Amino acid sequence: MPTRTMRVLGVVFAAVLLVAACGDDDTTAETGGSATDDGTTERTDDESETNASDAPVQEAETSLGPTLVDAEGLTLYGFTPDEGGTPTCTDACAGTWPPLFVDSAELPEGLDPALYSVVEHPSGEFQLAAGGWPLYYYAADASAGDVNGQGVGGNWFAVAPDGTLIEGSGADGGSSGNDEAEADDLEY
């Protein structure tokens, strides 16, 4: 009898977890997919097995023009001291400029190996790179399309879809109307 009770409790617990996992997700509704454990979306239609929208990096239009963003639309940046492909932003720097880590040294599905690669971060984790530039977020970018990190310290620039740094715009420490004092507080 205790075994049957344990099975029933296990089924109830699994059902509760399933219901909790099926909460409202704006990304899922917009893409017609379902959320995965790694924060990307999985397509549920039969349109194609591998779709660019499933990739952890996508292209989006920002005030800088076409820019690389993550699956949530957050802008991705390159750091000029990383020229050559070795990540150099660690410790406090990585608190302001979190690296875009991936699960393994294997390139995630949906990314072109001619443009993207995976490099080892000094922490031992694996960081995604585009055009040889390890990719980072900026802590002051709160919403999709924000480019507050553009030009910060003269070293941080959004990455274009071809893997080059967008150095010609917003080199004043931010091009989306951010408060300069806020940018200075987070600058590296």
Side-chain angles (χ1 to χ4, degrees), residues 25-33 35-36 38-43 45 47-85 87-89 96-102 107-119 126-180 182-183 186-188:
D25 181 11
D26 293 338
T27 303
T28 310
E30 291 172 14
T31 61
T36 63
D38 65 1
T40 60
T41 56
E42 182 177 295
R43 296 208 42 104
D45 61 4
E47 190 174 308
S48 68
E49 286 195 30
T50 303
N51 190 307
S53 66
D54 294 336
V57 175
Q58 300 168 15
E59 177 182 329
E61 193 67 30
T62 70
S63 61
L64 300 173
T67 306
L68 291 183
V69 299
D70 74 352
E72 304 298 319
L74 293 174
T75 302
L76 297 169
Y77 298 90
F79 185 40
T80 57
D82 288 355
E83 188 171 21
T88 59
C89 179
T96 301
W97 299 92
L100 173 56
F101 288 126
V102 292
L107 189 65
E109 284 190 43
L111 296 180
D112 181 359
L115 177 63
Y116 295 97
S117 60
V118 176
V119 296
F126 299 102
Q127 187 172 356
L128 192 60
W133 295 102
L135 299 174
Y136 300 88
Y137 297 98
Y138 183 49
D141 284 350
S143 301
D146 284 354
V147 291
N148 297 313
Q150 180 65 9
V152 170
N155 288 316
W156 292 96
F157 299 96
V159 181
D162 66 358
T164 60
L165 300 184
I166 303 172
E167 295 186 54
S169 301
D172 62 349
S175 61
S176 64
N178 65 322
D179 182 333
E180 270 191 50
E182 177 184 358
L186 295 173
E187 180 173 314
Y188 175 77

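Everything quoted here is computed from the prediction, not taken from an experiment. Below, all heavy atoms of this structure are taken into account, side chains as well, without hydrogens, waters or symmetry copies.
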>> For a 4.5 angstrom cut-off between non-hydrogen side-chain atoms, does Tyr116 reach Pro108?
In response: no
>> Determine whether a donor-acceptor pair (N or O, by modelled atom type, separation under 3.5 Å) exists between the side chain of Asp70 and the backbone of Pro56.
In response: no
> Got a sec, which residues hit side chain to side chain donor-acceptor pair (under 3.5 Å) with Thr80, two or more places apart in sequence or on another chain?
Replying inline: Asn155
>> For Phe126, give me all partners under side chain to side chain contact (heavy atoms under 4.5 Å, CB included), at least two apart in sequence or on another chain.
In response: Val102, Ala105, Val118
>> Would you say that Val159 contacts Thr67 through its side chain, given a criterion of any heavy-atom pair below 4.5 Å between the two side chains?
In response: no
>> Tell me the closest heavy-atom pair linking Thr88 and Pro81, and the distance in Å.
In response: OG1-CB, 3.8 Å
> Between the main-chain N or O of Gly73 and the side-chain N or O of Gln58, is there a donor-acceptor pair closer than 3.5 Å?
Replying inline: no
>> Quick one: does any side-chain atom of Tyr77 pair with a main-chain N or O of Tyr138 as donor and acceptor, under 3.5 Å?
In response: no
> Are Thr75 and Leu64 close enough that some pair of their side-chain heavy atoms sits under 4.5 Å apart?
Replying inline: no
> Closest heavy-atom contact between Ala71 and Ala55?
Replying inline: CB-O, 4.4 Å
> If you look at every heavy atom in Tyr136 and Pro99, which pair is closest and at what distance?
Replying inline: CD2-CA, 3.8 Å
> What distance separates Glu83 CD from Leu165 CG, expressed to the nearest 0.5 Å?
Replying inline: 9.0 Å
>> If you define the side chain from C-beta out and look only at heavy atoms, does anything of Leu100 sit under 4.5 Å from Val57?
In response: yes
> At what distance, to the nearest 0.5 angstrom, does CG of Leu111 lie from CG of Leu128?
Replying inline: 6.0 Å
>> Quick check: closest heavy atoms across Val119 and Ala129, and the distance to 0.1 Å?
In response: CG1-CB, 4.4 Å
>> Checking the side chain of Asp82 only, and the main-chain atoms of Pro134 only, is there a donor and an acceptor separated by less than 3.5 Å?
In response: no
> In Å and rounded to the nearest 0.5 Å, what is the CG to OG1 distance from Leu74 to Thr62?
Replying inline: 12.0 Å
> When the ring planes of Trp156 and Trp97 are compared, do they come out parallel, tilted or perpendicular, using 30° and 60° as the limits?
Replying inline: parallel
>> Tell me whether Gln150 contacts the main-chain N or O of Ala158 through its side chain, where contact means a donor paired with an acceptor under 3.5 Å.
In response: yes
> What's the verdict on ring pair (Phe, Tyr, Trp, His ring centres under 6.0 Å) for Phe157 and Trp133, showing C-alpha distance, side-chain angles and the deciding distance?
Replying inline: CA-CA 10 Å; Phe157 299 96; Trp133 295 102; 9.1 Å; no
> Which heavy atom of Glu72 sits nearest a heavy atom of Ala144, and at what distance?
Replying inline: O-CB, 3.6 Å
